[in-house]
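The figures here come from the full heavy-atom set of this structure, side chains too, leaving out hydrogens, waters and symmetry mates. We name chains A, B, ... by the order of the sequence lines, and we start the count at 1 in each one.
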Amino acid sequence: MIDLDLAVIGAGPAGLAAAVRARKEGIRDIVVFDRDDRPGGILNQCIHTGFGLLRFDEDLTGPEYAYRFVTEVNRLKVPVELGTAVVELAKDRILTAVNGKKASKYRCRAIILAMGCRERTRNAVMIPGTRPAGIFTAGKAQRLMNIDGYLPGKSIVILGSGDIGMIMARRLALEGCEVKAVVEKNLYAGGLIRNKVQCLDDFSIPLLLGHTVTAIHGEYRVEKVTICTMNEGGEPDERTAKDIECDTLLLSVGLIPENELTRMAGIGMDRSTGGAFVDNILETETEGVFSCGNVLHVSDIVDYVSLEGEIAASGAAGRIRGVLSEKRYGKRFVSGRNIRQIVPQSITQERETPLFIRVQEPTGPARITAGDIARKRVPVARPSEMIELTIEKKKCQKLLRPPGEGTIEVNCREE
Amino acid sequence: MKNISEDREKSGIFPFNSACDCDKEGIRDGELSKAVFDVVVIGAGIVGSMLLRELSRFECEIAVVEQFPQPGFGVTKSSLSYIHRNHFNPPGTLAAKLCAGARKAFRKLSDELRVDYKETGEFLLALEPSHIPQMMKRKQWGEQNGETGFRIMKGSEVLRREPEVNPAVLSAVYSSGHGMIYPPEWAFALVENACSNGAHAFFGTKVIGIAGNDDGLFTIHTGNGTIRSRFIVNAAGNKAAKIASMTGDDGIELTLSRGTFAIFDKIHSSLVRNILYVGGGDPAVSQVVGPTVSGNLILGLGSFKTPDSTEDTKVTRESLDEIIAMGRDIVPDLPVTDIITFFAGIKSVNNLEEGGDFHIGYSDLSRRVIHLLIGSPGVTASPGIARHVIDLLSDGGLSLVEKKLFDSSREKKEDDWDKGQKWPCGRIVCRCENVTEATIQNAIERGARTIDGVKHLTRAGMGRCQGGFCEGRIIRYLSEALGIEPTEITKKGEGSEQIKGME
Ligand SMILES: Cc1cc2nc3c(=O)[nH]c(=O)nc-3n(C[C@H](O)[C@H](O)[C@H](O)COP(=O)(O)OP(=O)(O)OC[C@H]3O[C@@H](n4cnc5c(N)ncnc54)[C@H](O)[C@@H]3O)c2cc1C
Ligand SMILES: Cc1cc2nc3c(=O)[nH]c(=O)nc-3n(C[C@H](O)[C@H](O)[C@H](O)COP(=O)(O)OP(=O)(O)OC[C@H]3O[C@@H](n4cnc5c(N)ncnc54)[C@H](O)[C@@H]3O)c2cc1C
């Protein structure tokens, strides 16, 4: 058993930012674990631009963005154990990590969970039909192309208009593939508007809103897919069925936070985010265990992910130095009108707190409120775009004095 | 016998060079030689593989020919994979006779071949009064077949043991000791063990015609050339009727049924601990929720809705909705959002209830040809079938002398899991199932030739992300080991190339 102040699980942007911040706050004894052979997480395969606009005011590629943090981590001499997977997390902050040679146990004073997410598969969305070659999740296709150097197919249909799906539509078009359609069951695109414009419109790739894929055909390789329009009840209308010939189907149907370790440790989870319940220092319901980045809730902008890593690291540093008050319940946020998810889910510490909110349904101009402690006007609100609402420190102070439980309702009201 | 038939449909081609000389310890991709075999088994499903392995105890030249690149890729890979106690087969049937003692046989083989076999309990649930006589009939059959230990339990006791079960449960018949295996892994290990005892295996080799010759030998035409043999065992599963017609035995029809299954994420491995059937639990048609040997939760339903063909393994929207609805009858809080994969399998069924049975016997034209027309539960029955077929071969004139040096144990290459520890030590490639690079390389060395092949042998790509992170690396390992381009690597044999944009 090795004693450790801080273990960071995952060397994606969340974990790297956390490691840098923790070291800057004076924590000496840190190890970052990543099962991959290189740090950077999912950013390594995101060779498009669009990263760092908020943080650096620059339009970087994924690897460039990651590189900035990797350089910092190296400069500060924070050890990063690559090719090392954390396979077990016990209740008492003891983790087991395995690498090519051995399994080691670490007893940690604090742990930061930054494991990222994985993609939902065909099975998760239950598309019936045969099981031929040529079905890929969009991120898997992205990895095959950008990391392994293989082009998955030639004529392509993409189901789901998440960001990865739209970015892959452009990537494939640039490689000379025929992207026949991006099929989206909702009446609005799933990803960022900038991606719809830059990746689909600019390349004349049709976006079929209100449609879905209802069957896959082909015994050995995908030969065609059947698509239908969605009826008002949200079900595919079989009478509108039509086939599109293609050799490849890409799925961009959502991401799932990679929380197997979190569950293993018995940490409380939020069904709406798929991540842990956290307070405003991103501490989970288990004292000393923090969560940030995509493992906490799926983010569309990496700059927020790095910010969360830093918040978690400050919290962890506080725990390690023993300056934080004992873990207790504070005030909890609850979803009111048109709110799908809120992170963090509660406030326990007196500090400025950015709330990350997603709405349920798209709206025009709207007012977002958190009880009577914070409000913000937005020109539009879309489920695909996270809304940040900052709660000032003095509002938090007021809220927490006197201490005690209570709820704060968050609402999105169209104006 | 004269030339009986020639079926010239698209034949299976080796997915890799026939020159590829595989590791001698592994399955030999033997060249289709001029050699004359004593026995050729057609089909390397669980049944053909079991037979090959049992035949390899004797001093004779034997081979299996299989159209797919690997054993167990037919019905065997889409089976529910339970080794049933003998309570689903009516007393007096051949099926009942051949399923007797299955557990013991599988336990022993599991030790010898070092493949997983685990046991669990089973409940036949009465959710409504009409289920009671059905479940009682199974209990009676089991007892008549010589099984013991069936217990009737009150609903409250069922719920105490399986709290997730539908609270409406009235009563149940409980029994312990039901086996669970992963059949493709077994088929592979059986063929491997047979080959290390001198058997030959030809994969990617589809039988397209059979001719009888004056010299007393059969010529078996395949997509890769011909082989000659004195005896033929037709273990082609759902295609057995087709092979039978090649030897002149026409007019055989198999009744087909499709089963659809869903597999849940391992996080639900302890949701239910026993196999849960409703009523009589006829494995051919009843809905079931239960564990698998690898610790997933499985939900499934067989249906007599006849599929279009033996290849018609597509999953329909209706069947998915149906199994979920039926599954909720058994376990109301089924975690449907955590389904990680679903699939369908087509099996031949014998309508045991209506007087049907396994049909295993000689061709009308020759006692040197044996057709196996079996149905569910073919996995359970496979050790019994192998023994029975060996008797028939012997009666048909094959002389059987036991080898002095038969080695019943399969040497399992030491991989990362073997060092007696809880976690693998090695570079993890498949992160959902913790499969290491060495395990995958080992599988390729043993004869895995396709992405699905690696998957079924190692579980890489079988977990919750379904190959999202590891597939590229597996393609690279395969391409390096086999010395072919990544674009030539297939998912499951010719025509299923996974990377197709670079031609
Ligand atoms: C395809 C795609 C395109 C995107 N495009 C943009 C864009 O244009 N602009 C933008 O701002 N944002 C974009 N994003 C969002 C942003 O990149 C992500 O939100 C961000 O990378 C998430 O960072 P993370 O550190 O939480 O997770 P990840 O980057 O996924 O890192 C998690 C790390 O944890 C490791 N890990 C997981 N489990 C374990 C374990 N048990 N043991 C050891 N290590 C483990 C993994 O190997 C991985 O390296 C995109 C995201 C994706 C997926
Ligand atoms: C949904 C489902 C659930 C089941 N559950 C259970 C269970 O719980 N317990 C149980 O005991 N049984 C169960 N069964 C039944 C069991 O799976 C089958 O009985 C068994 O797998 C049959 O094995 P086989 O070797 O006869 O057939 P197969 O596995 O189909 O093997 C036949 C082989 O012959 C090959 N072949 C065919 N034609 C040719 C040719 N022309 N040339 C070369 N090769 C050829 C095929 O490629 C195939 O590999 C289930 C079946 C299904 C479908």
Exercise for the section: Could you tell me which of A:T130, A:T137, A:V87 has the largest number of non-hydrogen atom pairs under 4.5 Å with chain B? Expected result: A:V87

Handout entry: Segment of B:I324 engaging chain A (4.5 angstrom heavy-atom cut-off)
Key =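 The answer is the side chain of B:I324.
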
Problem - Contact class of B:D265 relative to chain A, heavy atoms under 4.5 angstrom - result: side chain

Between [options], which is the residue that forms a side-chain contact (heavy atoms from CB on, under 4.5 Å) with [X]?
| X | options | value |
| --- | --- | --- |
| B:C465 | A:R120, A:R118, A:E258 | A:R118 |
| B:R427 | A:D37, A:N99, A:T84 | A:D37 |
| B:F469 | A:E119, A:K140, A:R35, A:R143 | A:R143 |

Quick one: what part of [X] sits under 4.5 Å from any heavy atom of chain B, side chain, backbone, both or neither?
| X | answer |
| --- | --- |
| A:I135 | backbone |
| A:E260 | side chain |
| A:V98 | side chain |

Provide the closest heavy-atom pair for [X] versus [Y] in the form atom of the first, atom of the second, distance.
| X | Y | value |
| --- | --- | --- |
| B:I475 | A:Y150 | CG2-CE1, 3.9 Å |
| B:I428 | A:A85 | CD1-CB, 4.0 Å |
| A:A133 | B:S496 | CB-O, 3.2 Å |

More than 12 foreign heavy atoms under 6.0 Å from [atom1] of [X]: is that the case here?
| X | atom1 | value |
| --- | --- | --- |
| A:R38 | CZ | no |
| A:R107 | CZ | no |
| A:K185 | NZ | no |
| A:E245 | CD | no |

Once rounded to the nearest 0.5 Å, what's the spacing between atom [atom1] of [X] and atom [atom2] of [Y]?
| X | Y | atom1 | atom2 | value |
| --- | --- | --- | --- | --- |
| A:L144 | B:I499 | CG | CD1 | 5.5 Å |
| A:I156 | B:K500 | CD1 | NZ | 12.0 Å |
| A:Y220 | B:K492 | OH | NZ | 7.0 Å |

Exercise for the section: Check for a donor-acceptor pair, side chain of B:R476 on one end and backbone N or O of A:D148 on the other, with a separation under 3.5 Å. Expected result: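 Not a single qualifying donor-acceptor pair exists.
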
